[in-house]
Amino acid sequence: MKGKIKNFIEFVSKNNPNEPEFLQAVDEVAEVIIPFIENNPKYQNKKLLERIVEPERVIMFRVPWIDDKGEVQVNKGYRVEFNSALGPYKGGLRFHPTVNLSVLKFLGFEQIFKNSLTTLPLGGGKGGSDFDPKSKSDNEIMRFCQSFMTELCKHIGADTDIPAGDIGVGGREIGYMFGQYKRIRNEFTGVLTGKGVNWGGSLIRPEATGYGNVYFAQNMLNYVGDDIKGKTISISGSGNVAQYACEKSIELGAKVVTMSDSSGFIYDSEGIDTEKLQFIMHLKNEKRGRIKEYADKYDCEFHEGRPWVIQCDIAFPCATQNEINEEEAKILIDNGCICVSEGANMPSTPQAIEIFQKSKILFAPGKASNAGGVATSGLEMSQNSLRLSWTREEVDVKLKEIMKNIHTACVKYGKQDSFIDYVKGANIAGFVKLADAMIDQGVV
Ligand code: NDP
């Protein structure tokens with residue numbers, strides 16, 4: 001078996017040179033799916049995995065724009081339309097200087113399995129740009145978004161490919177891109193999700209990834225007879241996912257003691273309460289400042305680096321990929337952490353995951369635990385098609401139900417003698433639905 005997995009990884013690596021993040025994501029899936037295929041003849045001799053690792057289409061384009069000084073700037077734009085067996089391509093857009101094809105292929109690949117897990121009719125895709133929104137004026141952001149969409153609008157559509165937000169792309173950017181799409185295509189459709197609520201957006205969509213992650217953790221804890229109430233939680237990041245993971249954790253009676261950004265983390269031993277969280281939301285969403293200002297205002301600790309050195313019962317990594325390494329995983333376990341639920345995509349390195357799994361703590365991979373965001377995007381698409389808006393309560397009930405169903409699917413395929421292997425469970429549950437659809441649709 002090891003030989004088969006090794007050969008497959010070598011094959012993917014040879015076909016996709018210099019794409020370490022993509023290979024990391026494929027490796028995790030191959031370790032689980034190749035043995036599964038070996039035991040299930042239905043999935044053999046169809047080159048399913050070989051087909052899944054190859055995107056259906058990759059679009060790369062130039063994004064020229066003019067900055068406030070009147071100088072011409074040029075960025076790279078991408079859309080990876082990875083797999084449409086289960087529905088139109090669906091996945092976010094990331095604007096960050098570290099964006100390249102490897103990062104977007106890893107995100108798009110993960111997205112296929114995640115979207116399959118949601119049980120909604122969604123294919124997988126991802127896109128973005130190496131544009132850095134930090135310290136750009138609103139007008140610069142608008143001009144960039146308009147230029148980006150001028151090209152992207154030729155390739156997407158409400159029944160073809162429906163992008164959403166990700167790192168560096170929030171409500172403001174989605175608004176500028178939607179405006180440009182509408183202007184060029186002359187159609188008001190649900191082509192993007194994460195829209196403003198008074199022009200087609202869904203209630204709870206901004207909250208959904210963070211809330212969904214907390215719901216998933218609560219499902220894991222309940223399954224072993226425990227509860228999130230009274231737990232001390234460490235969160236990384238202070239963007240969209242982190243903010244709402246924090247909000248829901250507070251609401252459910254937990255104490256959140258850390259949040260971070262790329263310059264460091266704050267440690268508030270008293271716990272971040274609702275009022276302090278409002279300060280963070282204003283700081284990050286309106287002022288676009290640094291998390292250190294929280295420590296200055298509330299007279300608590302600020303440290304460079306990542307928050308995993310702080311004692312906690314539960315960790316919610318909600319910033320970016322590979323933000324918990326082996327060393328940090330060991331520190332978390334030594335400090336008594338019992339649950340890690342990934343809000344970000346692939347925040348734990350493979351070595352860190354190995355430590356979590358050997359310790360048999362509750363560990364949820366992002367493709368399961370952060371699927372609430374895309375699931376609610378799916379609900380936004382349904383509301384757009386129906387020309388209806390559901391209430392906050394209706395959407396929240398559906399989100400909770402979806403997270404519960406994803407948990408049940410992970411348990412079904414990941415149950416071991418003494419613990420649940422959520423990585424195995426998520427990958428197999430995601431694969432089965434996808435593979436069945438691919439078989440039904442023939443070799444395309
Ligand atoms: P935001 O841009 O809103 O926030 C990102 C946060 O992470 C910021 O605090 C940012 O700090 C920090 N961060 C980004 N890059 C790094 C880095 N290299 N090192 C340290 N900190 C970093 O993004 P989101 O909250 O939307 O996304 C966070 C994660 O969640 C990503 O992995 C994303 O793919 C994933 N995700 C998001 C979904 C969504 O609905 N938005 C859905 C599913 C997954 P700074 O401000 O300093 O850059």
Side-chain angles (χ1 to χ4, degrees), residues 21 25 90-99 103-104 106-111 113-115 117-118 122 124 126-128 131-135 163-174 192-194 201-202 204-213 216 235-247 258-266 280-281 283-285 287-294 304-308 316-325 328 341-348 364-378 380 399 403:
E21 292 86 0
K90 179 90 195 96
L93 296 169
R94 177 176 291 192
F95 292 169
H96 195 272
T98 56
V99 162
V103 168
L104 294 178
F106 119 62
L107 289 164
F109 182 72
E110 292 263 305
Q111 195 81 45
F113 291 83
K114 182 188 311 192
N115 293 3
L117 281 171
T118 65
L122 304 170
K126 200 83 190 186
F131 172 74
D132 186 358
K134 277 207 195 82
S135 56
D166 191 80
I167 292 178
V169 178
R172 174 181 60 167
E173 292 74 19
I174 293 288
L192 291 162
T193 56
S202 173
I204 303 276
R205 174 60 189 94
E207 294 90 336
T209 310
Y211 279 16
N213 186 33
F216 196 88
I235 294 180
S236 66
S238 49
N240 173 269
V241 181
Q243 290 172 15
Y244 290 105
C246 182
E247 183 169 278
T258 73
M259 282 180 90
S260 71
D261 63 19
S262 52
S263 47
F265 69 92
I266 55 106
I280 292 178
M281 287 179 168
L283 174 71
K284 285 292 170 183
N285 308 344
K287 251 184 91 187
R288 301 185 190 272
R290 310 306 298 156
I291 196 72
K292 185 175 182 305
E293 293 175 48
Y294 177 99
E304 285 181 3
R306 301 191 285 230
W308 315 123
F316 290 148
C318 297
T320 192
Q321 64 270 13
N322 293 327
E323 54 161 322
I324 304 181
N325 62 26
E328 290 162 319
S341 192
E342 296 185 336
N345 285 308
M346 209 167 77
S348 314
K367 59 173 72 103
S369 47
N370 73 32
V374 72
T376 310
S377 277
E380 182 170 329
L399 171 63
M403 297 318 293

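Position 1 is the first residue of the sequence; numbering continues from there. For ligands, and for the atoms within them, numbers begin at 1 and follow the listed sequence.
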Could K367 and E110 be called an ion pair, given the rule that one side-chain N must be under 4.0 Å from one carboxylate O?
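Salt bridge: yes.
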Return yes if a side-chain donor-acceptor contact under 3.5 Å exists between R288 and S135, otherwise no.
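No.
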Would you please name every residue forming a salt bridge (Lys or Arg N to Asp or Glu O under 4.0 Å) with E328, sequence neighbours left out?
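Salt bridge (Lys or Arg N to Asp or Glu O under 4.0 Å) check on E328 returns R306.
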Can you list the residues that meet the ring pair (Phe, Tyr, Trp, His ring centres under 6.0 Å) rule with Y294, with sequence neighbours excluded?
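Y298.
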State which residues pass side chain to side chain donor-acceptor pair (under 3.5 Å) with S348; sequence neighbours excluded, sorted by chain then number.
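S348 satisfies side chain to side chain donor-acceptor pair (under 3.5 Å) with E342 once adjacent residues are dropped.
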State the CG-CZ distance between L399 and R205, to the nearest 0.5 angstrom.
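That separation rounds to 10.0 Å.
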One pair per line, please: each N/O atom of ligand 1 matched with every protein N/O atom under 3.5 Å away, atom names first, then the distance to 0.1 Å.
residue, atom, partner, partner atom, Å
ligand 1, 2 (O), G168, N, 3.0
ligand 1, 3 (O), N240, N, 2.9
ligand 1, 9 (O), S238, N, 2.9
ligand 1, 9 (O), S238, OG, 3.3
ligand 1, 11 (O), S262, N, 3.4
ligand 1, 25 (O), N240, N, 3.2
ligand 1, 25 (O), V241, N, 3.0
ligand 1, 32 (O), N345, N, 3.2
ligand 1, 34 (O), R94, NH2, 3.0
ligand 1, 34 (O), D166, OD1, 2.6
ligand 1, 34 (O), D166, OD2, 3.3
ligand 1, 34 (O), N345, ND2, 2.8
ligand 1, 40 (O), R205, NH1, 3.4
ligand 1, 40 (O), R205, NH2, 3.1
ligand 1, 40 (O), T209, OG1, 2.7
ligand 1, 47 (O), S262, N, 2.8
ligand 1, 47 (O), S262, OG, 2.5
ligand 1, 47 (O), R290, NH1, 3.3
ligand 1, 47 (O), R290, NH2, 2.7
ligand 1, 48 (O), K134, NZ, 2.8

